Amino acid sequence: MPSNYNPAEIEPKWQKKWADDRLYHVFEDSTKPKWYALTMFPYTSGDLHIGHWYAMAPSDVHARFKRMQGYNVLHPMGFDAFGLPAENAALKHGIHPHEWTMRNVENMRRQLKTIGAVYDWDREVITCLPDYYKWTQWFFVKLFQAGLAYRSQAPVNWCSNCNVVLANEQVVNGGCWRCDTPVIRRDLKQWFLKITHYADELMEHEGLDWPEKIKTMQKNWVGRSEGAEIHFGIERSDIDEKGVKAFTTRPDTVFGITYVVMAPEHPLVEKLTTKEKAEEVKAYVERTRKRTEIERVSTEKEKDGVFIGAYLTNHVNGEKVPVWIADYVLLSYGTGMVMGVPAHDDRDFAFARKYGIPVRVVIAPPDWEGEDLEEAFTQDGVMVNSGHFNGLPSEKGRKEVTRYLENKGWGRFAVSYKLRDWLISRQRYWGAPIPIIHCDNCGTLPVPEHELPVLLPSDAEFKATGESPLKYNEEFINTTCHKCKSPAKRETDTMDTFMCSSWYFLRYTSPGFDDGPFDPDRMKYWMPVDLYTGGAEHAVMHLFYSRFFTKALRDMGLVDFDEPFLKLFNQGTIIVDRQKMSKSRGNVINPDTLLSSMGADVVRAYLMFVAPWEQGGEWNDSGISGINRWLNRIWNLINNQYKPAENLNNDALKTFERQLHQTISKVTHDINDIRFNTMLSTLMEFTNYLGRVKESGSVPFQNWQEAIKKLLLMLAPSAPHMTEELWQQLGYEYSVHTQKWPEWDENKAKEEEITLVVQVNGKLRGKINLPVNVSKDEALKSAMEAERIKPFIEGKKVVDMIYVPGRVINLVVK
RNA sequence: GCCGGGGUGGCGGAAUGGCAGACGCAGCGGACUUAAAAUCCGCCGGAUUAAAAUCCGUGUGGGUUCGAAUCCCACCCCCGGCACCA
């Protein structure tokens, strides 16, 4: 009596057996090539939704495929467990962040297990546990010792809702990346990591198989521009400074400078401002301070500014140029001051018009005869009104002028970057404490290695006041200086959670290792990651930071590679009702209920089938039933006895073999190239074909059984539970997941007959079947003689014949 | 504004210079059933048509080619990213 496909019964059964047998236990096996397949680990938000499945299930399919191909595959899973939501939940519900987080870990681990992935849970990593964050702190100390971590007073991004500072990368459209609250500027003493040290290297993606999009985003984020720093003279007896610098990419326009603009926060503004202007300037600076980043950088807003009464000397022509301040000039970029060349910059042009500042043309537009400009001319041209540089093309002028300035001591070649150092201190509780002590005698000292971890006290009051909760924990804050033994204070800020995720992929290679963050030998065996999959939203956050970490570790001699992730793949997003899934919209698809009705295998396959993985797709309840029907069809195909017909012929068998081998070839290519949707449709087509063969019984039992076996092997990565069950029913040796991936025979896959499309004047008029080795002349002859074609060429002159072997014949007639 | 990606039946999508719409969903018709569900079979871009067949059809307009969804130019729309970076 054939059984029914009942995933609710077989899936838990096999998951338990695989776990009991440690089927997916991974160790360093030097006899096999290694494959490190990494999926971005989830944040411990509480519930796994279908979006998580969309990230995890297809990557598991690919990892399983690699296993069957003979690779020693590491495909680990863990939890990004520090972070604000834990603290917010604590404030809201009165649960301790640790308890909230670990409860979520429990639940999510349970849910992750239902996916049926090859995760080796012995390698699980949880970033909020002391045996992990000890090493996060250790890395901080190493970075500090290498001169890559420093503390500095600076204007920083502040989210007034989260009560915390944000790194530049975490400000999205002028708002907080978590809650969208517009960020404001605050002057605070903060810890930074010197990511700018690697600016040039981070722009390069040499040898990396990454999406163009991400590479471009990272390049733009670094924002390298070449130009010059130009000095201006301060000729004032009441001021010590003799000069001030501006950065420009257009040194060829220095003769066109008619004013300069400083950022309102520029340190010289107060000194330079004249008495008469003091009040006006002060008001403008105040207003700038209060503005959110969004208001300040909005391109919609008309630029405004204030003349501060002072003048600087433009060395190239000795002119005195007025000094303005305007909030569109940012202290954080370049030198915090720009030269104003209205004739050749759109912003300067608008600014000069508004305030009646003269416009002087120094790069002649084509056919220019000295008339006033209607708009700024920003392209290249010939230099005019520029002393002895007149007549020089502006492109050359950029170099010549800079060289001239350098000789005179009035400037130099310079490179400027948009990238800022990574701000990593956070004024919150739920993070790894920064392992630093402040001693009145010895200054700022890193905690010695043997004293790590600096444990996060469990009894801190975590009110979101904008100050570090640890500040008020006497027991935590008071310590002894290990150098001079006098009382000292601990640093009370915690680290950005992106610190934790910048090295977790190294920890997976040797979890539990006690003598360092990772076992150097095992790390060397597995790293770098061969395939990293996850969302594109981490382009200039996690992915960027991880590359920085790797390069810093390389320079410390801890790793010997330059890049952590060789191939990167970004999956798309699953949407519901044309919207992104989210709790607040109430459109979250809960995998748990799907599992009881259809099973994990159906959900896995549906997610891969719905659209190309990189594109993402819409969740559709009736769409998934198509996959459910298909898996049931396979189940029934195998559970109902196959009966060969009485008279078998060899041609039918040849066709059968050809179908099988073509399927293996197509499926292998598709799964290898991460084209899961077409891989599954190929398997569906083959299933439909097998259904017809079964009806006719046209091949011997032996061949049928062999084809079924290969079908199961090809389906095993996608539907691991069902195939394991059927594999066992057919009496094959446990487990289907330790079998070899089937191979195809090119000879058996080859077509014996080809179908040639026959066109007349480019229009399809018929098809002819011919042997594979047909000659050109024979093919053309057959085409002209075909019944369907004759009417179209009769009475006309054939002027050309195009023949593409195996594909098409095109008869051009007049 | 700039930089990516995209626009194909009722829907998700396939085909990246050679048969447009594979595969699946939905729909329609039929078989089985007392009936329904499930399953199986057939049809399923539009127009003309009894049918055969023909014509039209891949965002819009042009071009290259024997031949274009695919390549080139211009434009429109959608999605993602960046956006006073001097």
Side-chain angles (χ1 to χ4, degrees), chain A residues 4 172-174 211-217 219-221 223-225 227-228 230 246-250 253 260-261 263 296-303 326-330 332-341 345-348 350-351 416-420 536-537 539-540 570 572-573 575 605-606 609-612 614-627 629-630 632-633 636 675 677-688 691 695 755-767 788 791 799-804 806-813:
Chain A
N4 287 322
V172 178
N173 287 329
E212 259 339 287
K213 180 183 160 175
I214 304 289
K215 290 197 281 189
T216 306
M217 281 169 76
K219 271 181 199 142
N220 292 342
W221 191 254
R224 180 191 161 98
S225 41
I230 296 177
F247 176 78
T248 181
T249 54
R250 293 295 302 272
T253 63
V260 298
V261 190
R296 184 164 169 181
V297 303
S298 164
T299 43
E300 308 296 308
K301 187 197 80 178
E302 195 178 307
K303 287 153 198 39
D327 63 2
Y328 75 88
V329 177
L330 307 172
S332 56
Y333 184 77
T335 58
M337 181 173 106
V338 301
M339 58 191 218
V341 184
D345 182 282
D346 292 323
R347 288 159 305 173
D348 296 350
F351 196 82
S416 195
Y417 298 91
K418 203 189 94 156
L419 181 68
R420 305 266 66 89
E537 66 275 17
V540 295
N570 296 122
T573 316
I575 55 171
Y606 174 66
F609 183 69
V610 69
E614 67 270 29
Q615 186 186 306
E618 177 136 14
W619 182 266
N620 183 327
D621 283 328
S622 59
I624 196 173
S625 64
I627 298 289
R629 276 180 217 156
W630 174 51
N632 270 289
R633 252 192 341 265
N636 295 330
R675 287 197 302 259
N677 57 331
T678 48
M679 172 207 48
L680 289 178
S681 50
T682 304
L683 285 173
M684 285 177 188
E685 280 179 86
F686 189 57
T687 309
N688 295 343
E695 201 70 23
T755 302
L756 270 183
V757 170
V758 183
Q759 301 176 337
V760 178
N761 286 343
K763 282 207 162 101
L764 172 75
R765 295 302 181 191
K767 297 170 201 179
R788 294 279 312 271
V799 294
D800 199 3
M801 292 187 277
I802 313 290
Y803 175 60
V804 184
R807 292 206 181 265
V808 73
I809 287 173
N810 190 9
L811 303 170
V812 185
V813 301

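Values below: every heavy atom of this structure, side chains too, minus hydrogens, waters and symmetry copies. None of the values given here were measured: they were computed from a predicted structure. Note on naming: letters A, B, ... go to the chains in the order of the sequence lines (proteins, then strands), and numbering restarts at 1 for each one.
Where A:Ile809 and A:Glu685 each meet RNA chain B at their nearest nucleotide, the meeting point lying more 5' is that of A:Ile809. Checking A:Lys213 against A:Trp221, the closest nucleotide of RNA chain B that is more toward the 5' end is the one next to A:Lys213.
Rounded to an integer number of Å, the gap from A:Tyr333 OH to B:rA83 P is 13 Å. When the C1' atom of B:rA37 is taken as reference, atom CG of A:Asn4 falls 14 Å away, rounded to whole Å. The distance between atom OH of A:Tyr417 and atom P of B:rA86, rounded to the nearest whole Å, is 13 Å. If you measure from atom CG of A:Leu764 to atom P of B:rC55, you get 10 Å, rounded to the nearest angstrom. Whole-Å rounding puts the A:Phe609 CZ to B:rG13 P distance at 11 Å. Per the geometry, CD belonging to A:Gln615 stands 12 Å off C1' belonging to B:rU8, to the nearest Å. The CD1 atom of A:Ile575 sits 11 Å away from the C1' atom of B:rG12 (whole-angstrom rounding). Here the P atom of nucleotide B:rC25 and the CH2 atom of A:Trp619 are 15 Å apart, to the nearest Å.
Residues A:Phe247 and A:Thr249 have side chains in contact (heavy-atom distance under 4.5 Å, counting atoms from C-beta outward). In this structure the side chain of A:Val813 reaches within 4.5 angstrom of the side chain of A:Val760, judged on heavy atoms. Counting only heavy atoms from C-beta outward, the side chains of A:Met684 and A:Ile627 approach each other to under 4.5 Å. Side-chain atoms of A:Asn688 and A:Arg633, non-hydrogen and from C-beta on, do get closer than 4.5 Å to each other. In this structure, the side chains of A:Val261 and A:Tyr328 come closer than 4.5 Å at one or more pairs of heavy atoms. Using a 4.5 Å heavy-atom threshold, the side chains of A:Ile230 and A:Met339 count as touching. Counting heavy atoms from C-beta on, the side chains of A:Val812 and A:Asn761 come closer than 4.5 Å.
When the P atom is compared between B:rU70 and B:rA20, the two are found 14 Å apart, to the nearest whole Å. Only the P atoms considered, B:rA26 is 31 Å distant from B:rC78, to the nearest whole Å. For the C1' atoms, the distance linking B:rA68 with B:rG18 amounts to 10 Å, nearest Å. Nucleotides B:rU49 and B:rC55 place their C1' atoms 12 Å apart, quoted to the nearest Å. The separation of B:rG24 from B:rC43, taken at their P atoms, amounts to 13 Å, rounded to a whole angstrom. Remark: the separation of the C1' atoms in B:rG62 and B:rG13 is 30 Å, to the nearest Å. Straight-line distance between the P atoms of B:rG6 and B:rC56: roughly 29 Å, to the nearest whole Å. Comparing B:rA22 with B:rC11, their P atoms sit 15 Å apart, to the nearest whole Å.
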| Yes or no on side-chain contact (heavy atoms from CB on, under 4.5 Å) for A:Asn620 and A:Val610, after CA distance, side-chain angles and deciding distance? | CA-CA 9 Å; A:Asn620 183 327; A:Val610 69; 5.8 Å; no
| request: I would like to know whether A:Trp619 and A:Asp621 meet side chain to side chain donor-acceptor pair (under 3.5 Å); could you show each step before the answer? | output: CA-CA 7 Å; A:Trp619 182 266; A:Asp621 283 328; 3.0 Å; yes
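Anti is the glycosidic conformation of B:rG81, whose angle departs from 0 by more than 90°.
Nearest to the side-chain atoms of A:Val757 among the listed nucleotides B:rC84, B:rC19, B:rG13 stands B:rC19. Each of B:rA15, B:rC85, B:rG18 was ranked by its minimum atom distance to the side chain of A:Thr678; first place goes to B:rA15. Out of B:rC19, B:rC55, B:rC23, the shortest distance to the side chain of A:Arg765 is found at B:rC55.
Of the possible donor and acceptor atoms, one in the side chain of A:Arg420 sits under 3.5 Å from a partner among the backbone N and O of A:Ser332. In this structure, the side chain of A:Thr335 engages the main chain of A:Met337 through a donor-acceptor pair within 3.5 Å. Checked by atom type and distance alone, the side chain of A:Asp348 never pairs as donor or acceptor with a backbone atom of A:Gly340 at under 3.5 Å.
One finds a side-chain N or O of A:Lys418 lying less than 4.0 angstrom from the OP1 or OP2 phosphate oxygen of B:rA83. Applying the 4.0 Å criterion to OP1 and OP2 of B:rG24, one finds that A:Asn688 has a side-chain N or O inside that range. Between A:Ser225 and B:rA86 there is a side-chain polar atom (N or O) within less than 4.0 angstrom of OP1 or OP2.
Consecutive pairing runs in RNA chain B reach the stem threshold at B:1-7 with B:76-82, B:10-12 with B:23-25, B:27-31 with B:39-43, B:45-48 with B:53-56, B:59-63 with B:71-75, where a stem means at least three Watson-Crick or G-U wobble pairs with distances under 3.5 Å.
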Polar-atom pairs under 3.5 Å, protein N or O versus N or O of nucleotides 63-69 of chain B: list them with distances, or write none.
{"from": "B:rC66", "atom 1": "O2'", "to": "A:Asn810", "atom 2": "ND2", "distance (Å)": "3.1"}
{"from": "B:rC66", "atom 1": "O2", "to": "A:Asn810", "atom 2": "ND2", "distance (Å)": "2.4"}

Polar atom pairs (N or O), protein with nucleotides 39-46 of chain B, under 3.5 Å:
none

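Using a 4.0 Å heavy-atom criterion, one finds that A:Pro211 contacts no nucleic acid atom at all. Among the heavy atoms of the strands, none lies under 4.0 Å from A:Arg675.
Of all the heavy atoms in A:Val329 and A:Ala263, the pair that sits closest is O-CB, 3.3 Å.
The NZ atom of A:Lys767 sits 12.0 Å away from atom CG of A:Leu756, with the distance rounded to the nearest 0.5 Å.
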